Number of protein chains: 2
Amino acid sequence: MKALKIPEATITRLSIYSRFLKRLDKKGITTVSSGDIAEGVGVSPAQVRKDLAYFGEFGTRGVGYNVKDLIRYTVKILGLSEPWNLVMVGAGNLGSALVTYREFKDRGFTIVGVFDNDLTKIGKRIADLEVLPLEDLPRVVKENNVRIGIIAVPAKAAQEIADIMVKAGLEAILNFAPISLNVPDHVEVRNVDLSVKLEILTFNLALREK
Amino acid sequence: MKALKIPEATITRLSIYSRFLKRLDKKGITTVSSGDIAEGVGVSPAQVRKDLAYFGEFGTRGVGYNVKDLIRYTVKILGLSEPWNLVMVGAGNLGSALVTYREFKDRGFTIVGVFDNDLTKIGKRIADLEVLPLEDLPRVVKENNVRIGIIAVPAKAAQEIADIMVKAGLEAILNFAPISLNVPDHVEVRNVDLSVKLEILTFNLALREK
DNA sequence: AAAGTAATGTCATAAGATTCACAAATGCCC
DNA sequence: GGGCATTTGTGAATCTTATGACATTACTTT
């Protein structure tokens with residue numbers, strides 16, 4: 001795989017292409033063009049080809065791409081050839097919803113532990129998991145080779161959770177709390193901010209009134 | 001407000017600055033520099049100033065920004081001076097979690113109706129709302145001046161819901177289904193994809209092995 | 001088998017976003 | 001009240017990302 005720097009936007013789109021392709025495959029479609037993909041996910045055909053070109057030549061000129069092959073390639077590129085175990089911290093409404101979120105499972109993610117420090121939540125069952133106290137996190141991480149943690153707690157508790165995750169040896173954190181986390185350089189963080197996109201919509205609607 | 005085109009990334013950051021500032025305000029901090037904001041949210045100081053500069057001059061040279069004033073400005077820019085009523089379609093785990101999501105309320109969003117077409121969910125209560133059948137959506141939209149809808153249904157049902165929302169006169173859609181929606185140009189759509197960011201993490205972790 | 005059509009891969013170009021660097025303005029200290 | 005510290009606002013420069021255009025390759029049809 002090339003060493004040159006890949007735009008994060010490319011990875012984002014690759015993830016979207018990958019899922020779109022799986023849907024095509026399920027419909028029995030075997031060949032697809034960059035134009036088809038582009039139309040299906042809302043980007044330009046040149047963009048699709050460019051994104052794929054970072055990683056190799058996967059298509060056939062005059063023909064297009066083999067759907068199954070391209071799925072395999074995108075999955076490989078995204079690091080999803082092998083399944084991933086995750087831990088979730090936060091057993092509130094959002095945390096619970098994410099634990100049972102079908103799309104995660106479909107993409108090869110398995111949540112192997114749910115944690116909270118709220119005594120009213122510990123012991124509760126979510127899907128087939130029992131909510132455990134935070135002290136158990138390091139053990140579960142070790143036992144299941146977990147490298148990625150998800151944070152779904154209120155903003156004010158998030159940094160403390162991040163610290164615990166770092167100490168437990170996690171290498172990456174997906175953060176749903178609307179706050180920027182402080183972690184060492186060797187830990188990757190990505191934030192999913194649920195209200196930002198909503199505010200982009202209100203910004204745009206407000207503009208219309210002008 | 002300027003007519004020139006604002007990068008969407010700027011709006012995204014503005015939303016983040018705005019919430020960061022509210023947190024400072026709650027702590028009693030009255031003045032803040034672009035450097036403080038930058039550090040707090042993880043961008044460069046120049047970026048903060050540049051983002052604000054699209055909309056006016058809000059600071060005082062040699063001093064910084066007045067926190068309360070800047071909150072007012074960012075809220076105004078984002079179109080959040082007045083509260084927004086929303087409708088939610090999808091009363092599954094994710095939809096339910098979003099209906100009770102505190103951050104939405106804090107930013108001035110009120111969900112005034114939750115809809116589903118699953119008979120086992122209709123009639124269920126989420127927070128203080130009763131889940132209604134989809135037929136009731138147009139009425140609730142009209143009665144509450146709703147302009148924005150949220151979709152939290154499985155991918156295969158999402159387009160149908162989008163069509164219903166468009167027909168009901170909604171102007172913007174926040175889509176949590178991992179699929180690209182087809183809507184007329186006058187309807188704004190933004191997708192929140194819960195697994196894309198996770199796959200950026202796996203991509204990066206997979207790179208490390210190289 | 002030649003001509004026509006389709007679609008990739010990629011180089012060149014254009015567009016867009018971020019960073020730099022500094023003049024201008026403010027407050028503070030001696 | 002003059003000089004020093006700060007910190008904004010911004011035009012220019014840089015870096016990054018997306019688009020355009022086309023040569024190349026493959027398939028299809030006659």
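For clarity, every value in this text was computed on a predicted model and none was experimentally measured. Lettering of chains follows the sequences in order, A, B, ..., and the numbering in each one begins at 1. Side-chain atoms are counted along with the backbone in the values below, which use heavy atoms only and exclude waters and symmetry mates.
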Neighbours of DNA chain D within residues 21-51 of chain B, by heavy-atom distance under 4.0 Å: B:S33, B:S34, B:R49, B:K50
Aromatic contact, B:F104 with B:Y101 (centres under 6.0 Å): yes
CZ on A:F176 to CD on B:E103, rounded to 0.5 Å: 13.5 Å
Nearest-0.5 Å distance that lies between atom CD1 in A:I16 and atom OG in B:S195: 9.5 Å
Strand contacts (DNA chain D) in residues 60-69 of chain A, 4.0 angstrom heavy-atom criterion: A:T60, A:R61, A:G62, A:V63
Reported CE-to-CG distance for the pair A:M165 and A:L181, which is rounded to 0.5 angstrom: 9.5 Å
Interatomic distance, B:L70 CG vs D:dT8 C1' [rounded to whole Å]: 12 Å
Pairwise distance CZ(B:R107) to CH2(B:W84) - rounded to 0.5 angstrom: 13.5 Å
Neighbour count >12 (heavy atoms, 6.0 Å) for atom NZ, A:K68: no
Distance (rounded to the nearest 0.5 Å) between A:R72 CZ and A:L80 CG: 14.5 Å
Identified pairing partner of D:dA5, criterion: Watson-Crick or G-U wobble below 3.5 Å: none
Partner nucleotide, any strand, of C:dT26 [Watson-Crick/G-U, under 3.5 Å]: none
OG1 on B:T202 to CD on B:E199, rounded to 0.5 Å: 5.5 Å
Start and end of the DNA chain C segment that chain B contacts, any atom under 4.0 Å from a heavy atom: C:dA17 to C:dG27
Glycosidic class, syn or anti, of C:dA12 using a 90° window around 0: anti
N-O pairing of A:K22 and A:D106 below 4.0 Å: no
